[in-house]
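In what follows, every heavy atom counts, from backbone to side chain, and hydrogens, waters and symmetry copies are set aside. All ligand and atom numbering here is 1-based and tracks the order in the structure. The structure presented is a predicted model; accordingly, all values stated were derived computationally and were not measured.
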Amino acid sequence: MEDPRISPVKPRFGREIILFPLPLQGHITPMLQLANILYARGFSITIVHTYFNSPNSSNYPHFSFRPIPNGFLEGQASTVDFIALVTLMNVTCVGPFRDCLAKLLSDASKDRIPCCLITDPVWHFTQAVANELNFPRMVLRTSSISSFLAFCALPLMQEKGYLPLQDSRLEEAVPELPPLKVKDLHVIHSKDPEDVLRLIIAMAETMRASSGLIFNAFEELEPSKLAECRRSFPVPIFTVGPFHKLSVGPSGSLLPQDKSCISWLDKQEKPKSVLYVSFGSLSIVSEAQFLEIAWGLANSGQHFLWVVRPASVRGSEWLEALPSGFLEGLGGRGHIVRWAPQHEVLAHPAVGGFWTHNGWNSTLEAISDGVPMMCMPFFGDQRVNSRYVSDEWRVGLHLEYKVERRKIEDAIRRLMVSEEGEEMRERMKALKRTVDECLQDGGSSFRSLQKLTEYLVSF
Ligand code: UDX
């Protein structure tokens, strides 16, 4: 059987794809994975990127990298208000990006024939640049299809009065977006709330004007949402996920991965006995929440591997807020790292549950490895993903309320050692089998990747 990861459909044929990721971990990772997938299909790859959060080019000697200035001063940008950040960059990057793309196009040769630009949809200004240079632009949306549609529906949600959120209505169902409740709607805090709406409108308009959409998703998981997306965005749509299962090569991680946790997992005797805990690359908790999490983990009596990203506890550099002797007191039941090799961790036989913020990459990675989840969304699409995980796919449980040690402790036991957790694990196994099938020869993602390759060659 053909291995889609390593069998280019054609030998190298001089066709180049130019990719422009948004400089945030959750967006860079899938864009670089897509680049690896396309490279394996025979395309040359050029990555245009900002200096801000630039990817580690030394990990990708087979790609060409073109940095462009951010156009803002150090200190003007922070991922804490990333709507403000991307709003700023959609203005400051126009000139540098246009110059860079124009140069790449004018330097084309018979060995390097640029055929398509693929950008994150948040870079909405790039559609106008592509039009001006008469060059096709496709879009890689790095979220689930369901959360993307819910995101696009925010102006309607505002019109219908669901937003701004009112405490008294949080538990109400949203009939326009089942299975979501009002509290699951994308709330992204920004200094100017109008920026969020402006961003959605600009994204959606330029996606409709693009040459096509690519999702890190698979058809069988969200069939009705995919159909809805096709109706709403009448351009070619390709679902070729989960990318990380098709992409061979480094992880795209901006932080160094601490591999010590793999040897720690190797030492665990019981399969599926460890809870992996990670809240992604942007989430920040207060010191009080951090302590509730720590005590919830400790009191659950379960083994855990916990990623505490530097500066992810407000006011601390790393673990200063932990009571002294906390880890020692666990007798080897817990291990904490700054950043883990997450794909290896989730695929490890000792891991039996994932306490996650439900960023889309993490959610899809857990599904691909059949690991049931304990969901604690922080913002944006994470809330939608969590609701789908708990209520639609039923492969996880939802920590819906205040971060509180007793609730955490109970939820961990429900996930790791109860019958309810076992049922979720069984449903997850079935979902994982679907993932395996969609990637195989003739499977939905396999076919979609074939079509995408042919489409890109046609430009
Ligand atoms: C952000 C948003 O939070 C998310 O909601 C959106 O869907 C994408 O952008 P992020 O918070 O980084 O993403 O979460 P996620 O999408 O899960 O991506 C994190 C990536 O970092 C995953 O690919 C994960 O494998 C990787 N990771 C995480 C590590 O490699 N090591 C870690 O220790 C933690």
Quiz item: Which residues pass the ring-ring contact (aromatic ring centres under 6.0 Å, His included) test with W339, sequence neighbours left out?
Solution: none
Practice problem: Kindly write out the residues that satisfy ring-ring contact (aromatic ring centres under 6.0 Å, His included) with F215, not counting sequence neighbours, or none if the list is empty. | Solution: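 ring-ring contact (aromatic ring centres under 6.0 Å, His included) check on F215 returns F148.
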Protein residue, atom and distance nearest to [atom], heavy-atom basis:
| atom | value |
| --- | --- |
| atom 21 (O) of ligand 1 | W339 CZ2, 3.6 Å |
| atom 2 (C) of ligand 1 | Q382 NE2, 3.7 Å |
| atom 13 (O) of ligand 1 | G26 CA, 3.6 Å |
| atom 19 (C) of ligand 1 | S362 OG, 4.2 Å |
| atom 23 (O) of ligand 1 | E365 OE2, 2.7 Å |
| atom 28 (C) of ligand 1 | Q342 OE1, 3.1 Å |

Quiz prompt | Euclidean distance, T142 OG1 relative to F243 CZ, rounded to 0.5 Å | solution =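 OG1 of T142 is found 9.0 Å from CZ of F243.
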Quiz item: Got a second to check how far Y162's OH is from R169's CZ, nearest 0.5 Å?
Solution: 6.0 Å
Using distance alone, determine whether [X] and ligand 1 share an N or O pair under 3.5 Å.
| X | answer |
| --- | --- |
| W360 | yes |
| S278 | no |
| Q25 | no |
| S281 | yes |

Quiz item: Which of these, P341, A340, G380, has its nearest heavy atom closest to atom 30 (O) of ligand 1?
Solution: A340
Quiz item: Taking the minimum heavy-atom distance to atom 5 (O) of ligand 1, which of N361, D381, V384, I28 ranks first?
Solution: D381
Quiz item: Aromatic ring centroids of W264 and Y276 under 6.0 Å?
Solution: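 No, the ring of W264 stays outside the 6.0 Å limit from the ring of Y276, centre to centre.
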Answer yes or no for [X]: is there a heavy-atom contact with ligand 1 below 4.0 Å?
| X | result |
| --- | --- |
| H357 | yes |
| T142 | no |
| H244 | no |

Quiz item: Is R427 positioned over the aromatic face of W393, cation under 6.0 angstrom from the ring centre and no more than 45 degrees off axis?
Solution: no
Quiz item: Hey, what's the ring geometry for F63 with F65, parallel, tilted or perpendicular (30° and 60° as the breaks)?
Solution: tilted
Self-check item: ligand 1 contact on Y276 by region, counting heavy-atom pairs under 4.0 Å
Solution: side chain
Quiz item: Considering only heavy atoms of H27, which atoms of ligand 1 have at least one such atom less than 4.0 Å away?
Solution: 9 (O)
Quiz item: Which atoms of ligand 1 sit under 4.0 Å from any heavy atom of Q257?
Solution: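 Checking each atom against Q257, I get 30 (O).
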Exercise. Determine the sole option in I145, L364, L226 for which the side chain to side chain contact (heavy atoms under 4.5 Å, CB included) test with F218 is passed.
Key: L364
Quiz item: Above 12 or not: heavy atoms from other molecules or residues under 6.0 Å from CD of E317?
Solution: no
Practice problem: Please say whether more than 12 non-hydrogen atoms of neighbouring residues, nucleotides or ligands are located less than 6.0 Å from CG in D167. | Solution: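 Result for CG/D167: open.
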Exercise. With W306 as reference, evaluate F290, F354, F279 under the ring pair (Phe, Tyr, Trp, His ring centres under 6.0 Å) test and give the passing residue.
Key: F290
